[in-house]
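Worksheet for the structure shown next.
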Amino acid sequence: MEAADEETAPLLHPLPQPQPPREDANSEYTGDGSVDINNQPALKRSTGNWRACFMILGVEFSENLAYYGISKNLVTYLTKVLHESKVNAARNSSAWSGACYLTPLFGAFLADTYWGKYRTVLTFLPIYILIRALHCLEKWIVLCEISERLHAYFVQGLVTLMVSTSLPASMTSSDAGHQLHSISVYLGLYLVAFGNGGVKPCTSAFGADQFDGGDVAELRRKGSFFNWYTFMINSGSLLASTVLVWLQDNVGWGISFVIVVVVMAFFLAVFFAGSTVYRYRPVRGSPLTSVCQVVVAAVRKWHLELPDDSSLLYEAQVADHRIKHTDQFRFLDKAAIVTSGEKGNMARPWKQCTLTQVEELKMLLRMCPIWACLVLFFSVSSQMSSTLVEQGMAMDNRVGSFTIPPASLSTFHSIGVLLWIPVYDVALVPLARRVTGKPKGITQLQRIGIGLAVAALIMAYSALVEERRLAAARAGAARTSILWQVPAQLMHGMAVVFTSIGKSEFFYDQAPRSMRSMCTALGQLAIAAGNYLSAFLLAVVASATTRGGEPGWIPDDLNKGHLDYFFWLMAALLLLDLLFFVFCAMRYKGNSATS
């Protein structure tokens with residue numbers, strides 16, 4: 001062992017233990033390394049906190065108003081304006097929604113590696129606004145009946161920047177004109193997804209950055225921030241699904257675009273005006289490069305023996321933060337072994353990594369099982385706008401003299417979220433805090449687990465409602481009222497308050513400091529994965545249950561099928577998912593060393 005001891009001789013004293021958050025709130029500067037706009041240590045009395053978050057939440061509200069203003073009525077536009085089939089319209093709408101949750105990975109990479117969260121939002125939000133403004137400008141040109149040649153020239157010049165909501169009949173009546181119209185629509189849609197990718201992952205992370213990770217009082221406020229962040233998302237969704245959709249259907253798409261552009265431009269100006277109030281986290285280079293360096297260095301040193309004392313592993317002598325060593329994934333520790341040939345040359349990052357770099361990769365790996373458990377939860381969210389809508393179409397949607405469109409019941413989901421967030425923040429958290437003694441009442445993983453349990457109950461409840469509906473339909477009795485779906489929508493709002501908000505807070509707090517935007521985007525990637533998993537499950541069920549000429553579980557005429565079986569299948573999968581989540585959560589070692 002003498003040779004091994006020589007190869008791993010320590011360069012540093014044992015690492016200091018991480019300091020817990022301060023109980024006093026009287027320190028003049030923040031304790032988490034944040035700076036002000038002049039790159040000076042941030043003063044607590046004049047930067048950050050809720051004074052800065054109000055302006056950031058305004059950006060999130062306007063971004064979701066724009067996003068849901070498209071997504072809530074996109075299928076209608078594709079079928080009625082582009083004359084796509086229902087199957088193709090649903091598929092294209094799902095693909096676009098998935099893209100809107102994939103592009104944040106790119107925006108998060110730019111924010112964490114080059115620009116920072118503030119500059120990324122300030123760059124991508126005007127792109128979003130420009131696309132919507134070009135909607136309005138094109139609509140105005142059409143309404144003013146400018147000559148066909150001038151309009152065609154205008155469309156060709158802006159085709160890569162806008163979503164075409166209308167073109168002159170002379171251009172769309174022919175196959176070539178219709179194809180040009182479709183191309184301009186989809187180019188515009190995916191430019192919107194691109195602009196969305198720079199805003200969505202940065203607003204939540206940038207807002208959370210406004211609270212000092214070294215101050216207990218501000219840590220409590222940060223937990224409330226994620227609640228009200230989701231409140232603003234659902235406020236935008238509710239306004240879009242009611243006011244904007246009604247205007248699109250009854251007045252015209254142009255007026256809805258004007259409203260969105262004005263709102264987004266206003267909150268962009270407000271966001272920019274708050275530049276001197278924000279707290280900023282310095283950019284420390286590409287986090288993905290650091291991850292790759294650890295993997296390469298560990299593989300290169302696979303034959304070396306790890307020392308029993310982790311303090312013998314290499315750590316930078318000057319570092320703004322250090323992460324306490326953990327015993328999981330010990331193989332990766334080999335990347336921080338110091339050999340005799342490297343003692344005098346530490347500037348070889350692909351051969352020699354710091355212990356903090358290694359622990360950052362471990363943090364990412366520990367989050368992966370939790371991420372996997374969330375995918376099935378968001379597949380339930382997908383059911384709320386697909387199979388539950390189909391169920392509603394087979395129910396009695398008359399309430400007195402009113403007729404309720406099945407898709408409009410999603411309004412109760414937004415209402416449920418808006419009701420549950422104040423209840424959770426004002427009543428449940430203080431009560432749980434007194435019981436558990438924890439600053440946030442319950443842990444993030446406990447919060448996620450409660451939402452997963454509620455999601456399983458939603459699917460079980462929907463199955464029971466479908467059994468009731470089928471029994472009435474096959475007995476020739478009166479159709480079941482669509483109001484039976486309201487409890488499921490309200491329960492889904494409750495599940496979102498627990499799991500979706502818990503997910504956002506978890507992926508921020510447990511992420512390495514240099515990768516918080518990226519991990520926030522990974523959390524949102526679970527939403528896209530849930531949509532794709534839902535489509536996969538529906539395809540498998542359709543293929544497996546329609547053999548031999550059988551109608552299957554989900555035929556066009558639901559009275560001949562068994563949609564209830566599918567809901568029970570989802571409930572069973574969610575129960576298994578919950579058990580796996582509890583198993584992972586009980587063994588999860590959280591990040592307590594960084595802020």
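For the numbers below, each heavy atom of this structure counts, side chains included, while hydrogens, waters and symmetry mates do not.
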**Study point:** Backbone of Gln485 reached by a side-chain donor or acceptor of Gln489 within 3.5 Å
**Key:** no
Say whether, by atom type as modelled, one donor and one acceptor occur between the side chain of Gln210 and the main chain of Phe206 under 3.5 angstrom. yes
Minimal heavy-atom distance between Arg469 and Thr480, with the atoms involved, is CA-OG1, 3.3 Å
- Query: Given Leu239 and Phe61, is the side chain to side chain contact (heavy atoms under 4.5 Å, CB included) satisfied, shown in steps?
  - Reply: CA-CA 10 Å; Leu239 186 60; Phe61 169 77; 4.0 Å; yes
When every non-hydrogen atom of Cys53 is compared with those of Phe225, the smallest separation belongs to SG-CD1, 3.8 Å
**Prompt:** Are any non-hydrogen side-chain atoms of Leu533 and Leu376 less than 4.5 angstrom apart?
**Reply:** yes
Both conditions, 6.0 Å and 45 degrees, for the charged tip of Lys200 above the ring of Phe124: are they met here? no
May I ask you to decide if Leu189's main-chain N or O and Trp96's side chain share a donor-acceptor pair within less than 3.5 Å? yes
Check step by step if side chain to side chain contact (heavy atoms under 4.5 Å, CB included) holds for Thr545 and Phe566.
-> CA-CA 11 Å; Thr545 61; Phe566 178 74; over 6 Å; no
- Test item: Val243 and Leu238 side chains (from C-beta on) under 4.5 Å apart, heavy atoms: no
Margin query: I'd like to know whether Arg447 forms a side chain to side chain contact (heavy atoms under 4.5 Å, CB included) with Glu505, so could you lay out the CA-CA distance, the side-chain angles of the two residues, the decisive distance to 0.1 Å, and finally the verdict.
Written below: CA-CA 10 Å; Arg447 185 172 184 174; Glu505 192 172 356; 3.8 Å; yes
Open item on the list: Is the positively charged end of Arg221 above the ring of Phe211, judged by distance under 6.0 angstrom from the centroid and angle within 45° of the axis?
Closed with: no
| task | Could you tell me whether the side chains of Asp396 and Ser481 share a donor-acceptor contact shorter than 3.5 Å? | result | no
Q.
A quick test of your reading: do over 12 heavy atoms of other residues, nucleotides or ligands sit less than 6.0 Å from OH of Tyr565?
A. no
Output for pair (Leu288 CG, Thr113 OG1), nearest 0.5 Å, gives 6.0 Å
Verdict with reasoning, Tyr118 to Ser275, per side-chain hydrogen bond (donor to acceptor under 3.5 Å, both in side chains): CA-CA 9 Å; Tyr118 169 78; Ser275 301; 2.4 Å; yes
Practice task
With side-chain hydrogen bond (donor to acceptor under 3.5 Å, both in side chains) as the test, would you mind laying out the steps for Asp209 and Tyr508 before giving the verdict?
Solution key: CA-CA 10 Å; Asp209 285 348; Tyr508 177 87; 2.4 Å; yes
**Polar contact flag, side-chain donor to acceptor under 3.5 angstrom, Ser462-Gln391** = no
Beyond-backbone contact of Tyr114 with Val283, side-chain heavy atoms, under 4.5 angstrom:
no
* So Lys222 and Asp509, salt bridge (Lys or Arg N to Asp or Glu O under 4.0 Å) or not? Walk me through it. -> CA-CA 10 Å; Lys222 183 171 70 175; Asp509 281 351; 2.9 Å; yes
All heavy atoms of Val192 vs all of Ile70, minimum pair found to be CG1-CD1, 4.0 Å
Separation between CG (Leu110) and OG1 (Thr120), nearest 0.5 Å, reads 6.0 Å
Q) Under 3.5 Å, is there a donor-acceptor pair between the side chain of Ser543 and the main chain of Ala539? A) no
Any non-hydrogen side-chain atom of Ile233 less than 4.5 Å from a side-chain atom of Tyr68? yes
Does some side-chain heavy atom of Ile458 sit less than 4.5 Å from a side-chain heavy atom of Met384? yes
Checklist entry - Using the ring of each side chain (for Trp, its six-membered ring), is Tyr424 parallel, tilted or perpendicular to Phe498, with breaks at 30° and 60°? => result perpendicular
CD1 of Ile527 to OG of Ser382, rounded to nearest 0.5 Å, is 11.5 Å
#### Entry: Backbone N/O of Phe231 and side chain of Ser235: donor-acceptor pair under 3.5 Å
yes
Between Lys117 and Ala205 the two heavy atoms that sit nearest each other are CE-CB, 3.6 Å
In this structure, CG of Leu102 is separated from CD of Gln524 (nearest 0.5 Å) by 11.0 Å
Note to self: Looking at Asn234 and Thr230, would you say the former's side chain and the latter's main chain have a donor-acceptor pair under 3.5 Å?
What the structure shows: yes
Thr103 (side chain) donor-acceptor with Ala193 (main chain) under 3.5 angstrom: yes
Smallest heavy-atom separation, Phe412 atom then Leu490 atom, equals O-CD2, 3.4 Å
Exercise. Before accepting this row, confirm whether a basic side-chain N of the pair Asp112/Arg516 lies closer than 4.0 Å to the acidic partner's carboxylate O.
Key: no
Arg479 CZ: over 12 foreign heavy atoms closer than 6.0 Å = yes
Within the 4.5 Å heavy-atom criterion, are Val417 and Ser414 side-chain neighbours or not? no
Is it the case that the side chain of Thr499 and the backbone of Ile448 share a donor-acceptor pair, with hydrogens and angles ignored and the cut-off at 3.5 Å? yes
- Message: Under a 3.5 Å distance rule, please check whether Asn64 uses its side chain to pair with a backbone N or O of Glu60 as donor and acceptor.
- Response: yes
The reported gap from CZ in Arg398 to CG in Leu483 (rounded to nearest 0.5 angstrom) is 12.5 Å
Margin query: Taking atom CH2 as the centre, does Trp228 end up with more than 12 heavy-atom neighbours from other residues, nucleotides or ligands that are less than 6.0 angstrom away?
Written below: yes
What one should report as the nearest heavy-atom pair of Ala511 and Met367 is CA-CE, 4.2 Å
Could you tell me whether the side chains of Asp564 and Trp553 share a donor-acceptor contact shorter than 3.5 Å?
-> no
Check whether any side-chain heavy atom of Ser500 sits under 4.5 Å from a side-chain heavy atom of Phe378, and report yes or no. yes
query: Do the side chains of Ser410 and Leu388 get nearer than 4.5 Å, heavy atoms only?
result: no
Between the CD atom in Glu390 and the CD atom in Glu466, the distance rounded to the nearest 0.5 Å is 10.5 Å
Problem set entry | Cation-aromatic face contact Arg119/Tyr280, 6.0 Å, 45 degrees | no
Just do the side chain to side chain contact (heavy atoms under 4.5 Å, CB included) check on Thr203 and Tyr229 with the steps written out, would you?
CA-CA 9 Å; Thr203 48; Tyr229 173 82; 3.6 Å; yes
Query - Whether Tyr278 side chain and Phe271 backbone form a donor-acceptor pair below 3.5 Å - result: yes
